[in-house]
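Remarks on the structure that follows.
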Amino acid sequence: MISLLLALLLSGPLAPDRARDLLARLLSDDEASRATARVAISRSGDRSMVPALVDTLFFASGPARDDVVQCLESLSEERLGANYRYWVEYVGGRDIRPKEGYRAWKAVLFARIDPAFAKFLHPSLPITIRPEEIVWGGVRKDGIPALTRPETVPASQATFLENGETVFGLELGGASRAYPQRILDWHEMVNDVVGGRPFSLSYCTLCGSAIAYATGTTDGKALVFGSSGLLYRSNKLMYDDKTLSLWSNLTGEPVVGPLVGRGLRLTQLPITVTTWSDWRARHPDTTVVSPATGHRRDYTVGAAYGRYFASPETMFPVWKKSPVLPSKAWIYALRSGGVARAYPLELLLRERVVNDEIGTLSVVLIADPAGGAVRAYHRDGRLFAEGPHGDAVEPETGERWTVAEEGLHPSRGGPPLARVPGHRAYWFAWYAFFSETGVYEGCAAGRR
């Protein structure tokens with residue numbers, strides 16, 4: 001009784017030390033201690049407690065969850081129950097500044113899952129994203145093990161692949177390699193070298209986005225990346241093994257850690273998402289990552305995330321949403337000079353050749369309905385149309401251009417038009433980071 005009266009007397013904004021003590025009490029097994037904390041927090045009216053309470057909800061169990069929910073509903077005046085996901089999205093969509101000491105509290109909490117998380121989230125580290133939107137992805141650091149210089153086989157020996165299954169293809173320095181999606185589903189990160197160029201292929205299964213980044217450095221030691229086990233807006237946060245900085249899979253920029261603020265951004269490399277039969281036909285000398293990875297996994301198609309791919313729902317909290325397209329509609333996205341545009345994949349595969357401008361960049365996108373691939377190129381003011389054999393043609397001159405991985409090649413000779421790296425991803429994933437993006441509506445809407 002005395003403790004409850006004391007809690008009432010201490011209503012109003014909570015000092016950081018007092019706030020941390022009350023949050024710890026909420027996770028206690030002692031009912032009286034939790035009651036004291038519940039009354040004090042609820043009566044305080046201190047909305048800056050909400051982000052920390054959401055994290056506390058994730059770790060609370062049994063009756064303690066009810067106490068945390070009562071605090072959240074009292075401070076927010078919302079009735080979202082014990083659904084952690086709803087509360088993360090509630091915080092994400094509102095400008096609620098967390099209380100001083102929030103990052104330290106979150107680091108301690110997440111260290112219960114993996115001590116490495118305390119290093120990733122240490123409050124002394126510079127950060128460019130909202131820490132309250134960082135959530136656990138269900139595995140510890142390296143719980144999804146990256147592949148480094150994986151074993152490969154020539155195309156003729158890749159009898160484990162079916163013609164219609166998806167691969168991620170790269171061509172660098174005259175050499176080509178295919179990365180089967182069914183293998184990347186289990187590993188999500190590959191550190192490799194093709195054609196003498198070191199790179200990391202980061203695949204976020206949740207976003208449906210495979211992106212290749214050049215990782216060479218001036219000292220000759222390539223950056224090596226792994227999966228942190230943490231997510232931001234349902235997008236994986238990868239880390240480099242040199243500094244343990246967290247990087248955004250989608251932007252290629254460090255977002256938490258020692259490398260933040262140095263103006264770094266990984267150079268994106270062109271990657272082609274297509275079928276194995278299409279890639280093999282275009283690149284008969286390609287090598288392929290083998291399922292002999294050294295890890296025991298079921299590498300059959302769809303074994304890892306088949307249900308997720310078939311579902312229209314997301315698995316983790318995403319508060320920035322748009323009804324313009326279904327959440328898991330496939331899009332091909334490009335960015336240039338701060339301008340972003342998303343092209344519905346289904347529309348591209350119908351139109352096949354699209355001439356467009358993104359800011360000051362003039363591009364042509366060429367889609368292949370047979371393999372589902374989309375490639376974008378600088379068009380330097382030219383206008384293209386679909387050619388007779390899956391290539392492109394300039395109607396004004398009649399010149400044909402051959403589609404290749406690193407460039408669009410003119411039939412009459414001369415320099416090719418360079419490839420423009422793009423993203424194939426789910427609509428929800430792209431919009432969560434680039435809500436200012438424009439959406440291509442097709443030639444019928446007046447765009448050429």
Is it true that a side-chain atom of [X] and a backbone atom of [Y] form a donor plus acceptor pair closer than 3.5 Å?
X: Asn249; Y: Lys236; value: no
X: Lys328; Y: Ser311; value: yes
X: Tyr332; Y: Arg375; value: no
X: Trp430; Y: Arg341; value: no
X: Glu165; Y: Pro180; value: no
X: Glu89; Y: Val318; value: yes

Polar contact flag, side-chain donor to acceptor under 3.5 angstrom, Asp278-Thr275: no
For Glu386, salt bridge (charged side-chain N to carboxylate O under 4.0 Å, His left out) partners two or more places apart: Arg352
statement: Hits for salt bridge (charged side-chain N to carboxylate O under 4.0 Å, His left out) against Arg382, two or more places apart or cross-chain, chain-then-number order -> Glu394
query: Under the salt bridge (charged side-chain N to carboxylate O under 4.0 Å, His left out) rule, what pairs show up with a residue in residues 244-259, not counting sequence neighbours?
result: Glu253-Arg265
message: Among Trp276, Tyr203, Phe199, exactly one meets ring-ring contact (aromatic ring centres under 6.0 Å, His included) together with Phe168. Which residue is that?
response: Tyr203
task: Take atom NZ of Lys321 as the centre, draw a 6.0 Å sphere, and report whether it contains more than 12 heavy atoms from other residues, nucleotides or ligands.
output: yes
Asn191 CG to Thr148 OG1 distance, which is reported to the nearest 0.5 Å: 4.0 Å
field: Charged N-O contact under 4.0 Å between Glu357 and Arg379
entry: yes
Which class fits the ring pair [X] and [Y]: parallel under 30°, tilted 30 to 60°, perpendicular over 60°?
X: Tyr426; Y: Phe428; result: parallel
X: Tyr305; Y: Tyr308; result: perpendicular
X: Tyr232; Y: Phe433; result: perpendicular
X: Tyr343; Y: Tyr440; result: tilted

- request: Any chance you could lay out the side chain to side chain donor-acceptor pair (under 3.5 Å) test for Thr272 and Arg419, step after step, and finish with the verdict?
  value: CA-CA 11 Å; Thr272 301; Arg419 182 89 175 264; 3.1 Å; yes
